[in-house]
Peer 1: 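Sharing a structure, written as structure tokens. Questions coming.
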There are 2 protein chains.
Amino acid sequence: MDSTQERPSAPELPFNVFAKACPSRGTLEHVTGRWGSLTLGALYEGSLRFNELRRRVDGVSEKMLSQTLHALERDGLVHREAQPTNPPRVDYELTPLGRQVAERLLDLIRLVEGRMDDVLTARERYDATRGAL
Amino acid sequence: MDSTQERPSAPELPFNVFAKACPSRGTLEHVTGRWGSLTLGALYEGSLRFNELRRRVDGVSEKMLSQTLHALERDGLVHREAQPTNPPRVDYELTPLGRQVAERLLDLIRLVEGRMDDVLTARERYDATRGAL
DNA sequence: CAGCATCCAGCTTGATACTG
DNA sequence: CAGTATCAAGCTGGATGCTG
């Protein structure tokens, strides 16, 4: 091959997050963003209503959840099902693609959660040596 | 068990990203943050020097890269190897844990990159229906 | 219940300049 | 090369109040 190996994996893909202008970078940010990842993670269990979701994702504000949900819906990762009842009832659930994304995300989340003691230990060492210098 | 099932998976883990106060949430953010994910992804190929990394991660500023690397080093995901030569040479590489994290991240990145046309299509539909309303 | 509009504090980010 | 320091600006995100 002649290409100067700019990426290790999947060099033939048209989309490349490492490039500034690539739209995939935006989607990756929606997905991995503070509330995006938690929202997708929460919805992995099954569909949830707006306020249920809000309670699951501890600390999210109404505004941020709404905004996050819109971005995810626009990217085709979440499906919004509104019932014109009174009081209104709206359910959110993952699309098949959203489900795949959430799986990867949960893999990552589980790994991080499972290794937090290592992380915490590393932090202590880092802070100790830095503070001593 | 008496706990009212707050998480679907791994209910016995001491760390839970869904909880506001959990330190794992911070680490997850370092890892999934805009520059964190790209930095880990870039380092997955092998160790890189500061400016090499800067060129790989298109669009990152010196300051943000520096800051990102510090956070990842502190969390024990990246190892910094400085040689006291002149001019200075500093290599960054993933730790074993960093490597595991990067693997999950790359799975996610590849999925997103590979499905961007679906995402783009979904966006068009979303924008079209929203604009029409 | 489900959400949008607005206001505003403050954290994040990017330039720029400087150091070892 | 490999960063740190500083400053201005802009985006993020929370609180509040209102609608259907």
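On a predicted model such as this, the values are computed, not experimentally measured, just so you know.
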Peer 1: Between D/dA5 atom C1' and B/Lys63 atom NZ, what is the distance in whole Å?
Peer 2: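 For the pair B/Lys63 NZ and D/dA5 C1', the rounded distance is 9 Å.
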Peer 1: Output the rounded distance in Å from CD (B/Glu52) to C1' (D/dA2).
Peer 2: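 Interatomic distance, CD of B/Glu52 to C1' of D/dA2: 12 Å.
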Peer 1: Starting from C1' on C/dC1, measure out to CZ on A/Arg55 and report it in whole angstrom.
Peer 2: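 Distance check: A/Arg55 CZ to C/dC1 C1' gives 10 Å.
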Peer 1: Report yes or no: does B/Thr95 contribute a side-chain atom to a donor-acceptor pair with the main-chain N or O of B/Leu77 at less than 3.5 Å?
Peer 2: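 Yes: the side chain of B/Thr95 pairs with the backbone of B/Leu77.
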Peer 1: Mapping B/Arg89 and A/Pro88 onto DNA chain D by nearest heavy atom, which one lands closer to the 5' end?
Peer 2: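 Its nearest nucleotide lies further toward 5', so the answer is B/Arg89.
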Peer 1: When rounded to the nearest 0.5 angstrom, what is the spacing between CZ in A/Arg55 and CG in A/Leu48?
Peer 2: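 A/Arg55 CZ to A/Leu48 CG: 9.5 Å, rounded to 0.5 Å.
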Peer 1: Taking only side-chain nitrogens and oxygens of B/Arg49, does any of them come within less than 4.0 Å of OP1 or OP2 of D/dC1?
Peer 2: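 Indeed not, no polar side-chain atom of B/Arg49 lies that close.
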Peer 1: Rounded off to whole Å, could you give me the CD-to-P distance for the A/Glu62 and D/dA15 pair?
Peer 2: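 In whole Å, D/dA15 P lies 11 Å from A/Glu62 CD.
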Peer 1: Without decimals, in angstroms, what is the distance between A/Glu73 CD and C/dG3 P?
Peer 2: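 It is 9 Å, rounded to the nearest whole Å.
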Peer 1: Side-chain N or O of A/His70 less than 4.0 angstrom from OP1 or OP2 on C/dC4?
Peer 2: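 Answer is yes, contact under 4.0 Å.
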Peer 1: Assign A/Arg80 to base, sugar-phosphate, or nothing according to its heavy-atom contacts below 4.0 angstrom with the strands shown.
Peer 2: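 The answer is sugar-phosphate, as A/Arg80 gets under 4.0 Å only of primed atoms, P, OP1 or OP2.
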Peer 1: Between A/Ser24 and B/Arg115, does any side-chain donor sit less than 3.5 Å from a side-chain acceptor?
Peer 2: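 A/Ser24 vs B/Arg115: no donor-acceptor pair found between side chains.
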Peer 1: So B/Leu40 and B/Val78, do their side chains get closer than 4.5 Å, heavy atoms only?
Peer 2: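 When only atoms from C-beta onward are counted, B/Leu40 and B/Val78 do touch, with a gap below 4.5 Å.
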Peer 1: Is the positively charged end of B/Arg56 above the ring of A/Phe18, judged by distance under 6.0 angstrom from the centroid and angle within 45° of the axis?
Peer 2: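 Relative to the ring axis of A/Phe18, which defines the angle, B/Arg56 lies outside at least one limit.
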Peer 1: Once you round it to whole Å, what is the distance between P of D/dT12 and CZ of A/Arg34?
Peer 2: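 So the two atoms are 11 Å apart, to the nearest Å.
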Peer 1: Output yes when at least one side-chain N/O atom of B/Tyr92 is less than 4.0 Å from OP1 or OP2 of D/dG3, else no.
Peer 2: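 Yes, within the criterion.
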Peer 1: Please confirm whether the shortest side-chain N or O distance from B/Ser66 to OP1 or OP2 of D/dT4 is below 4.0 Å.
Peer 2: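 For D/dT4, OP1 or OP2 has a side-chain N or O of B/Ser66 closer than 4.0 Å.
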Peer 1: Expressed in angstrom and rounded to an integer, what is the separation of A/Leu69 atom CG from C/dC4 atom C1'?
Peer 2: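 Going from A/Leu69 (CG) to C/dC4 (C1'), I get 14 Å.
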Peer 1: Round to the nearest Å and state the distance from B/Glu29 atom CD to D/dG13 atom P.
Peer 2: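 Spelled out: CD on B/Glu29 to P on D/dG13 is 9 Å.
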Peer 1: Can you work out whether A/Pro87 or B/Pro87 has the more 5'-proximal nearest nucleotide on DNA chain D?
Peer 2: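 Of the two residues, B/Pro87 wins.
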Peer 1: Using a heavy-atom cut-off of 4.0 Å across all strands, would you classify A/Gln67 as base, sugar-phosphate, or nothing?
Peer 2: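 The residue A/Gln67 makes no contact with any strand.
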